[in-house]
Every structure is written in C-alpha cells, then in structure tokens.
Amino acid sequence: MKKIGFWHLAFGVWLLAFSSCSQKTVVAPIEERPENREAKAMLQGVWLESEYEEVTFRAEGDTIFYPDSTSVPAYFKIVDDTLILGRQHYHIEQQTAHLFVFKNQMGDVVKLVKSDNPEDAMVFTHDVPQVLSVTEVVKRDSVVYYDGERYHWYIAVNPTKYKVSKTAYNDEGVGVENVYYDNIIHISLFQGNRQLFSKDFTKKMFAQMVPEAFLEQAILGNMQYVNVDAKGFHFYATLCIPDGASCYMVSNDITIGGELSMSVVK
C-alpha cells in the first residue's frame, strides 16, 4: 500500500476546502432580487384596516398613496415574502386577492382587507401632498442697555420653500413621510446707527453641534434673545423635529465686536 505523505494530505484537505468555498452561492441583497410581480398585482387597489374598516392606503402601479394629505406617496415592491416600502421592510404573513397580513415596525401583526366600495377611493382626491408650514413670519426687536451704551437687536423668522421630510408611523405602524417647511432666521444688532452684526441663520450652520440624522428631519424653529453680559449678546436657537418632543437648543453668542460663536445649551 502506497503511503500518503503529510504534505499530500494537507494539500488535499486545502483543495477540498477551497472547492467547497468556491461553490458557495452568493446571496444578493433583497433590494436587488427579482420582484414578485404576482404579489404586486394582488396588492393593487384600496385597502382597509380589517376591524374598523378605515382606509389605510391605495396601491397603484409602483406607488402606495395614503389618505392623509400630508403624507408623501412611497415607491414599493414585493420581494419574496417582504414588502419593501421606501426604506422600510415589512414581513408578509399572508396574502391573497382580498387579504393582506404583515408585521409592522413594532412586530405587531396588521390585517388589511381589500375594499370593494368605490367611495373609499374618494379620500385620495389629492394629487400632491400638502406641505405643512409650521411657522408664520415672526418679527421681534428690542432696545437694551449695557455698560451705559444703547443697543438695538432685531430678529426675523422667515418661512422658506425648503422642504424637510420627517418619518412618522400611522395607526398600522407603517412608516410614512410627512413634509414641512424649514425657516431662515435673521439677526441684526446695532449700536446707535452703527451695525455691529447682521446674518441669516439656516439649520446647516448647526451641523457641528447637532447629530446629522436629527438635523435631516429637524427645522430651525425659533431664535430668542436671552441677555447681554461681558461676553456679548446671547440668542438661543431651537432646532426641533416637527410634532415631536425632541429639540436641540444652541446658544449664538455675539460679541460687541460682532464676532459669533455657538454652543449647545445643556
């Protein structure tokens, strides 16, 4: 019997392992896999929450529309047993021509039934989502005295056409996008007739102090004069996510010489 040397045996084991690895199937990300066209076709139409029969959404083509006029329509597709809606993924528990059951973001099972009432489609009469304006034009000014000198500050909060999208969750736990207007806030500071400072503030100016993910969904909501001391004039800016409790407050400190510095208010 011919003996097999150690190195021959080791090479054989390596070759077997290499062959096994090379035969492994590379699984494509779910977003890149082929769509389930049959499932998408079954989802077309108006769907109701099964218990209270309230309109939840309408699927038309590649888009899902919501009855809320402030929610942005979202592109969707179905891959395997997953509903991909915008950037969110929802596991489909059951689907037929008239029944759609899936798990929402919290893991709760949502059961929808397809509407056969033409009047349910009337809630989708809006073609373009309504953009929410969270503020009106606000102008404030006051005269303050410091160290025997008279100063006049001026603030203007101006709504813009810059849209800010915020992810919210409807009653079914499905993520939808709401759209708001952002603001530009102007501050001017005078000593008598001499202008010490004049600047427009946008939320991008606070990028070094506010986390990027928060800033994307926040609006620059207000600017409030606080006080004046030896370090200068202090104005507090608030950046908040609309309809939420989350806010950042940033102090904008302007020296007598017109120099600006910023810091987060703890």
Side-chain angles (χ1 to χ4, degrees), residues 29-136 159 161-182 216-217 219 241-246:
I30 190 168
E31 292 84 359
E32 299 176 8
R33 299 179 204 169
E35 264 194 280
N36 186 334
R37 295 289 181 180
E38 181 181 355
K40 182 176 237 180
M42 284 196 295
L43 198 63
Q44 301 297 300
V46 177
W47 291 85
L48 313 175
E49 193 277 327
S50 62
E51 185 175 357
Y52 300 103
E53 296 190 348
E54 295 179 349
V55 176
T56 300
F57 65 75
R58 182 186 87 221
E60 182 177 330
D62 292 331
T63 307
I64 281 181
F65 299 86
Y66 301 99
D68 180 2
S69 63
T70 63
S71 296
V72 179
Y75 169 80
F76 84 97
K77 65 179 181 178
I78 296 177
V79 177
D80 299 333
D81 58 355
T82 301
L83 169 65
I84 302 175
L85 183 57
R87 292 174 291 181
Q88 308 286 345
H89 294 181
Y90 303 93
H91 178 73
I92 300 172
E93 299 285 309
Q94 185 179 357
Q95 184 181 15
T96 68
H98 299 280
L99 180 67
F100 188 64
V101 183
F102 65 96
K103 283 188 176 180
N104 64 18
Q105 292 294 104
M106 285 71 73
D108 300 324
V109 175
V110 178
K111 182 178 180 181
L112 305 179
V113 293
K114 182 175 284 188
S115 171
D116 57 5
N117 184 353
E119 293 185 3
D120 286 332
M122 297 299 291
V123 300
F124 300 97
T125 54
H126 51 275
D127 297 322
V128 179
Q130 176 185 351
V131 180
L132 301 178
S133 180
V134 297
T135 63
E136 298 177 351
K161 296 300 182 182
Y162 301 135
K163 296 178 181 178
V164 177
S165 295
K166 174 208 170 186
T167 301
Y169 294 91
N170 60 20
D171 293 339
E172 285 70 42
V174 175
V176 296
E177 297 292 322
N178 290 338
V179 179
Y180 299 80
Y181 281 138
D182 198 7
E216 284 181 357
Q217 297 192 70
I219 64 168
I241 294 179
D243 296 333
S246 299

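As a basis for the values below, the full set of heavy atoms in this structure was taken, side chains included, without hydrogen atoms, waters or symmetry mates.
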| field | Heavy atoms of other groups near His98 NE2, more than 12 under 6.0 Å | value | no

| How close do Val164 and Glu216 get, heavy atom to heavy atom, and via which atoms? | CG1-O, 3.5 Å

| Atom pair CZ/OG1 of Phe76 and Thr63 - distance to nearest 0.5 Å | 7.5 Å

| field | Point-to-point distance, once rounded to the nearest 0.5 Å, from CZ of Phe100 to CG of Leu43 | value | 5.0 Å

| field | Distance, nearest 0.5 Å, that separates CD of Glu35 from CG of Asp62 | value | 6.5 Å

| query | Which pair of non-hydrogen atoms, one from Asn36 and one from Asp80, has the smallest distance, and what is that distance? | reply | ND2-O, 3.9 Å

| note | Nearest heavy-atom approach of Tyr66 to Leu85 is OH-CD2, 3.3 Å

| field | Side-chain ion pair, Arg58 and Asp120, N-O less than 4.0 Å | value | no

| query | Which distance, rounded to the nearest 0.5 Å, do you find between the NZ of Lys111 and the CD of Glu93? | reply | 12.5 Å

| Which heavy-atom pair separates Trp47 from Met42 by the least distance, and what is that distance? | CZ2-O, 3.5 Å

| task | Any chance you could measure Lys161, atom NZ, to Asp182, atom CG, to the nearest 0.5 Å? | result | 13.0 Å

| message | Can you confirm whether more than 12 heavy atoms, excluding those of Lys40, are under 6.0 Å from its NZ atom? | response | yes

| Nearest atoms (heavy-atom pairs only) where Thr56 meets Glu49 | OG1-N, 3.4 Å

| query | How far apart are the closest heavy atoms of Phe57 and Leu112, and which atoms are they? | reply | CE2-CD1, 3.4 Å

| task | Determine whether more than 12 heavy atoms belonging to other residues, nucleotides or ligands lie under 6.0 Å from atom OH of Tyr162. | result | no

| request: Using a 4.5 Å cut-off on heavy atoms from C-beta on, say whether the side chain of His91 contacts that of Asp81. | output: yes

| said: Could you check whether any side-chain heavy atom of Val113 comes within less than 4.5 Å of a side-chain heavy atom of Leu99, counting everything from C-beta outward? | reply: yes

